[in-house]
Amino acid sequence: MAVSMRDLDPAFQGAGQKAGIEIWRIEKLSPVAVPKSSHGKFYTGDSYIILKTSASKTGALRHDIHYWLGADTSQDEAGAAAIKTVELDAALGGRAVQYREVQGHETEKFLSYFKPCIIPLKGGIASGFKHVEEEEYKNCLYICQGKHVVHVKEVPFARSSLNHDDIFILDTKSKIFQFNGSNSSIQERAKALEVVQYIKDTYHDGKCDVAAIEDGKLMADAETGEFWGFFGGFAPLPRKTTRDEAKNIDTVPTRLYKVQKGQAEPVEIESLTRELLETNGCYIVDCGIEVFVWMGRNTSLDERKTASGAADELLLGLDRPKCHVVRVIEGFETVMFRSKFDSWPQSTNVAVTEDGRGKVAALLKRQGLNVRGLMKAAPPKEEPQPYIDCTGNLQVWRVNGQQKTLLQVSDQSKFYSGDCYIFQYSYPGEDKEEHLIGTWFGRQSVEEDRVSAISQAGKIIELLKFSATQARIYEGYEPLQFFVIFQSFIVFKGGLSEGYKKHLAEKELGDDTYKEDGIALFRVQGTGPDNMQSIQVEPVASSLNSSYCYILHSGSSVFTWTGNLTNSEDQELVERQLDLIKPDMQSKLQKEGAESEQFWEILGGKSEYPSEKIGRDAESDPHLFSCTFSKGELKVTEIYNFNQDDLMTEDVFILDCHSDIYIWVGQQVENKNKMQALAIGEKFLEYDFLMEKLSHQAPTYIVMEGSEPLFFTRHFSWDSTKSAMHGNSFQRKLALVKNGGAPPIDKPKRRTPVSYGGRSAAPEKSQRSRSVSFSPDRVRVRGRSPAFNALAATFENPNARNLSTPPPMVRKLYPKSVTPDSAKLAPRSAAIAALTASFNKPLPAKEVIIPPSIKGSPEEPKLSTEAMISSPQGDSKENSVNNVTDETPKPKPETIQEDVKEGETEDEEGLPIYPYDRLKTTATDPVTEIDVTKRETYLSSEEFREKFGMVKEAFHKLPKWKQNKVKMALQLF
C-alpha cells in the first residue's frame with residue numbers, strides 16, 4: 001500500500017510507539033488528542049478514535065484501533081472517525097485490527113480498557129450540546145448488564161424502567177442503591193458492584209452509603225423501604241417487553257460480499273474458504289452479530305476507506321446499524337475471523353515484511369520525528385524464573401497398575417520413559433504449607449498406568465482437602481518448576497512396571513530398558529546445578545547435536561562428548577551428571593570433530609546430526625477464559641485485560657500461557673464440575689480456541705481458589721486476602737465496597753518472592769508467621785556448624801535478630817527427600833541474602849575479622865558451597881540475616897567439655913569439632929563417623945572465620961564487574 005503525505009494526519013505522528021492507550025476526539029472533522037486525565041470520559045454527541053498498543057513478551061508491539069460513535073454524534077463526525085481510523089492504521093504500518101463501537105453496544109474488548117465501565121455524558125464538542133454542570137445533585141437510574149464486563153446505560157428514573165432480569169443502580173445524593181433482579185446471576189450482581197464503587201469514588205469522593213436491594217424482599221428492611229420510597233412505594237414490576245430485547249441475529253447465515261466501485265456485491269458460495277479472498281480486493285463477511293471487512297495487502301488506502309463506507313451502508317440497508325464491525329488486514333486476521341471459515345490454512349504465503357512500516361518510518365524520519373516505535377522492537381532478554389520455593393520436601397512414587405511404590409531418596413530423580421510417576425512436593429507458603437501433587441507420564445507409558453496415576457494422585461489431593469495444586473506433565477514437556485524441584489533429573493529408556501512389560505509382550509517388541517553395563521547415550525541439558533537433566537536417547541550418531549553435551553557408556557568405557565556450540569557451563573553439567581550416572585568411572589573427553597574410532601564404533605559409525613538447540617514452546621502473553629462444561633461440550637468466553645477480580649468463586653477459568661495452562665476452580669463451584677477440571681483442560685487443548693497450535697501434552701495445572709501458587713498468581717496483581725474471603729462473589733464484593741475497597745480481614749501479605757533463580761530479598765517483619773523456641777541448651781541440628789555460627793555472627797546484627805528463629809541448616813544435596821528435619825526447611829535464599837549482603841557491605845579499615853582463637857590452622861580450609869548457601873531452619877520470615885552492621889557479636893555462654901577424645905574438641909553447643917588437617921579428603925589420619933558431605937560443619941569457628949575473612953577481603957579488592965560475577969556464581973549454587 002503506497003503512503004503519501006496527504007495520507008498522514010499530523011495528529012497521528014508518533015502514535016503507537018509505546019504500550020498504553022491514546023485517544024483522539026473528532027473536532028471539525030479532524031482528530032484532536034484527548035489528555036490522559038480525560039480518558040474514559042465520552043460524550044454522547046461526539047466520535048472518538050482509541051488506539052490500544054500492547055507489548056508482547058517478545059517485545060513486539062501490537063495495535064488495536066477502535067472508533068466510538070456516540071448516540072447523538074453527527075453522520076459527518078462518524079464518517080470522519082471511520083476514515084481517520086484507516087489513516088491511523090496506515091501510519092502504524094497497516095497491521096492493526098479496527099473495530100467500530102456504537103454507544104450501548106460496545107465490544108467486551110473495548111469496555112475492558114476502561115474497567116469497570118464507561119458512563120457516557122450528555123453533550124458534545126461540535127454537535128450543539130453543552131456540558132452542563134448540575135447545580136443540584138440529580139438522582140440517576142442506570143441499568144447494568146454483563147457477567148465479565150458491564151454495559152451501563154442511563155434509563156428514565158421511573159418504576160417502569162425496572163425489571164426482574166437485570167441489575168439497576170440508583171444514585172442519590174447520600175446513598176447508592178443496587179437493585180438485583182430476581183433472575184440476575186450472582187456474577188452479574190458482583191460485577192455491578194464494581195460500577196457502584198466507581199460511582200461512589202467518581203461522584204461522591206468515596207463518601208456515601210451503599211445498600212443492596214433484593215428483588216422480592218418487599219419492605220423487609222429499612223433500606224428496602226427507602227429504595228421504594230424514591231418510586232412512590234412498592235408495586236409489582238412489569239415484565240421485560242420484547243422491544244427491550246435485542247434482536248436475535250446470531251441465526252443470520254454467513255454471507256460474503258466483494259466491494260466493487262464502492263458497493264458491496266454479493267458473492268455466491270457453497271462454503272466459506274480462504275481461497276475466495278483475493279489479495280488485491282476488499283471483502284465483507286456478514287456473520288450476523290459481527291461483520292468483518294477483509295482488506296487485501298495489495299489494496300490502496302482509498303480502496304480500504306471505500307470498503308469501510310460500504311460496510312456501513314450495507315448494515316443501514318439491513319436495518320442493523322448497531323452491529324460490531326471489525327476490519328482486518330490480510331495476514332493479520334483475528335482468531336474470530338478465521339474461525340468463521342470452513343477451512344483456513346495454518347499459514348498463508350503472504351510475504352509479511354517491514355515494507356509498509358518502513359516506508360512510513362522513513363517518511364516521518366525525514367520530518368525529524370521519533371520513529372523508534374514504528375520499527376520492530378528487539379525482544380528483551382529475560383531469565384526464566386520457576387516462581388516456586390526450592391527448599392521443600394519431595395516424595396515420589398512409581399505407578400504399577402493399581403499400586404504405587406515409594407522411591408528411595410537416591411532414586412527420586414531417576415525416571416523411566418515406560419513408566420508413570422506421582423510426586424508430592426510440599427514447601428513453605430505465605431502462612432501455611434503449600435503442596436504440588438503431580439503426575440508424570442513417560443513417552444512409552446501405557447494408558448492403564450496413566451489412568452491409575454491420575455486416580456491415585458486424586459486420592460492424595462482429597463486427603464489434603466483439595467488444597468493442593470495438581471499438575472499433569474508429559475515427558476518432553478516438563479515445565480521449569482518441575483526441573484528445579486527435582487534439580488538433577490534423569491530419564492532412562494524402557495520401564496519397570498508390569499503394564500509396560502505386558503505391552504511389550506503383546507506387541508512382540510524388544511525390551512530396551514536401561515542397563516548399567518549396556519550401551520547408553522545421554523543428552524545433557526539444563527541451566528545450572530539446580531536445573532540439569534540427562535535424557536537417554538538412541539545410541540546412534542544421528543542422536544548427537546552440536547548444541548549439547550553427551551555421556552556415552554559401553555561396558556567399562558565411558559565417554560563425554562562436547563558439541564562445538566556448547567559453553568563451559570554446559571560442560572560443567574556433564575561432569576555433574578557423570579557423577580550420578582557413572583560415579584566411579586573415569587571418562588574420556590571427546591570434542592566434536594576430534595572423536596576417537598572407538599567412540600564412533602560404539603555408535604555404529606558416523607552420520608549427519610543437527611546443530612540447532614531443541615526448542616520448547618515459549619510462554620506467550622496469557623489469555624483468560626471463563627468456562628462452562630456440560631455434556632462433554634466446552635464453551636469458553638475470553639476475558640480481555642483481565643485482573644484478579646475477574647475470577648469469580650462460582651466459576652471455572654482457564655489461564656492459557658501457551659507453554660502451559662492453568663484451570664482455576666472457585667470454592668463455590670459444584671463438586672461435579674470440580675471433579676471435571678482435568679477433563680476441561682483436555683478439551684481446551686483439543687479445541688485450541690486461539691488456533692495457536694497448542695500441544696495436547698502441554699503441562700496442565702489445576703489450581704484451587706485460596707491455594708494459588710506463586711507461579712500462577714504472578715500473572716495477576718494478586719492480593720491473597722481477596723481469595724481468602726468467604727461467601728459468594730456478590731457477598732465478597734459487597735463487603736469490599738462497604739469497607740472502602742479493602743478486604744475486611746487481616747491476613748499477612750504474600751511473602752517477598754525468593755529463591756527462584758538464586759535471587760533473594762529481605763523478608764518483612766510483619767510477614768513472619770512461624771516461631772520456634774530457642775535456648776542455649778537446645779540440641780543443635782546437625783548442619784549448623786560452629787564455623788557457620790561464626791560466619792553468621794560476622795554479618796548479622798545481634799540486636800535485630802529474632803532469637804525465636806532457629807539456626808540455619810545446611811541445604812541438602814539434590815534430590816530432595818522427606819526426613820524428620822526437612823519439613824522445617826526454609827528457603828535457601830535467606831542464607832544467600834546474608835552472604836551477598838556481606839559482599840555488598842564495604843569493608844571497614846579496622847574491622848576485626850579474626851577473633852582471639854584457641855587454636856590456629858596453618859592450612860587454608862576449602863569453603864564448601866553447601867556451607868555458604870545454607871538456609872535457616874524454620875520460616876525465613878523470622879531471620880534477619882540481611883540486617884548487616886558493624887557491631888561485634890555478643891559473646892556466647894561458655895560450655896563445659898566432657899569426655900573429649902584426643903584430637904577432638906567440642907563447640908559451645910557440645911558437638912565435636914576437628915582440625916582441618918583431619919577433615920581433608922587427603923588426610924593421613926582422617927576423621928571417621930562424620931557426614932562427609934558437610935565437612936565444614938566440623939571446623940572450629942576460628943578456623944572458618946579466619947579463612948572466610950581472607951576471602952571477603954580479597955573479594956572487595958576485585959573490580960566491580962568481577963564482584964558481580966562472583967555473586968551470580970553463588971546464586972547459581
Side-chain angles (χ1 to χ4, degrees), residues 9-12 15 21-52 64-88 98-107 109-145 149-157 161 169 171 195 198-199 202-203 305 308-309 311-313 315-316 320-325:
D9 194 290
F12 296 143
I21 293 177
E22 298 169 81
I23 302 178
W24 296 265
R25 177 165 50 193
I26 300 300
E27 299 180 11
K28 297 180 180 179
L29 305 185
S30 296
V32 177
V34 175
K36 285 189 177 182
S37 58
S38 297
H39 283 191
K41 185 183 293 185
F42 297 91
Y43 289 92
T44 61
D46 290 332
S47 297
Y48 296 81
I49 297 174
I50 300 91
L51 170 62
K52 169 67 173 178
D64 290 289
I65 309 174
H66 305 253
Y67 61 104
W68 185 87
L69 308 178
D72 301 314
T73 190
S74 67
Q75 279 295 108
D76 289 341
E77 286 182 337
I83 292 174
K84 292 298 180 181
T85 297
V86 178
E87 292 181 11
L88 176 58
Q98 306 159 46
Y99 304 83
R100 187 185 73 161
E101 310 285 353
V102 178
Q103 180 182 338
H105 301 271
E106 297 88 352
T107 62
K109 188 169 192 174
F110 175 78
L111 291 176
S112 71
Y113 302 154
F114 308 101
K115 287 184 178 181
C117 65
I118 60 172
I119 302 179
L121 305 174
K122 291 183 179 179
I125 286 292
S127 55
F129 291 96
K130 294 182 180 179
H131 306 157
V132 180
E133 297 292 337
E134 299 289 344
E135 295 180 1
E136 192 173 324
Y137 200 89
K138 177 185 174 183
N139 296 338
C140 296
L141 183 65
Y142 302 95
I143 184 173
C144 299
Q145 297 172 315
V149 293
V150 187
H151 292 264
V152 181
K153 178 184 178 182
E154 186 175 357
V155 294
F157 181 30
S161 296
I169 295 175
D171 179 23
V195 179
Y198 170 79
I199 294 174
T202 305
Y203 302 112
K305 291 179 180 179
S308 176
D312 292 341
E313 290 181 9
L315 293 177
L316 285 173
R320 287 159 45 200
K322 297 179 180 179
C323 283
H324 297 154
V325 178

Discussion item. When you measure from the side chain of H39 to the backbone of F114, do you find a donor-acceptor pair of N or O atoms at a distance under 3.5 Å?
Written reply: no
Worksheet entry | Results of side-chain hydrogen bond (donor to acceptor under 3.5 Å, both in side chains) for S161 - residues two or more places apart only | none
Worksheet entry | Donor-acceptor pair, side chain of E77 and main chain of Q75, under 3.5 angstrom | no
Discussion item. Taking side chain to side chain contact (heavy atoms under 4.5 Å, CB included) as the definition, give me every residue that meets it alongside S38, ordered by chain and number, with sequence neighbours left out.
Written reply: V34, P35
Worksheet item: Hey, does the side chain of R25 reach the backbone of F42 with a donor-acceptor pair shorter than 3.5 angstrom?
Response: no
Worksheet item: When the ring centroid of F110 is compared with that of Y99, is the distance short of 6.0 Å?
Response: no
Worksheet item: Considering residues at least two apart in sequence or located in another chain, which fulfil the salt bridge (charged side-chain N to carboxylate O under 4.0 Å, His left out) criterion with K84?
Response: D9, E87
Worksheet item: Quick one: side-chain hydrogen bond (donor to acceptor under 3.5 Å, both in side chains) partners of S308, sequence neighbours excluded?
Response: R327
Fill in: Residue list, ring pair (Phe, Tyr, Trp, His ring centres under 6.0 Å) with F157, at least two apart or on another chain
F231
Discussion item. Among residues at least two apart in sequence or on other chains, which ones pass side chain to side chain contact (heavy atoms under 4.5 Å, CB included) with I199?
Written reply: I119, Y142, I169, D171, I176, V195, Y203, H204
Worksheet entry | Under the ring pair (Phe, Tyr, Trp, His ring centres under 6.0 Å) test, residues paired with Y198 that sit two or more places apart | none
Fill in: With sequence neighbours excluded, residues passing side-chain hydrogen bond (donor to acceptor under 3.5 Å, both in side chains) with W24
none
Worksheet, complete the sentence: Sequence neighbours excluded, the answer for salt bridge (charged side-chain N to carboxylate O under 4.0 Å, His left out) partners of K115 is D646
Worksheet entry | Partners meeting side chain to side chain contact (heavy atoms under 4.5 Å, CB included) with K153 (sequence neighbours left out) | I143
Worksheet entry | With sequence neighbours excluded, residues passing ring pair (Phe, Tyr, Trp, His ring centres under 6.0 Å) with Y113 | H66
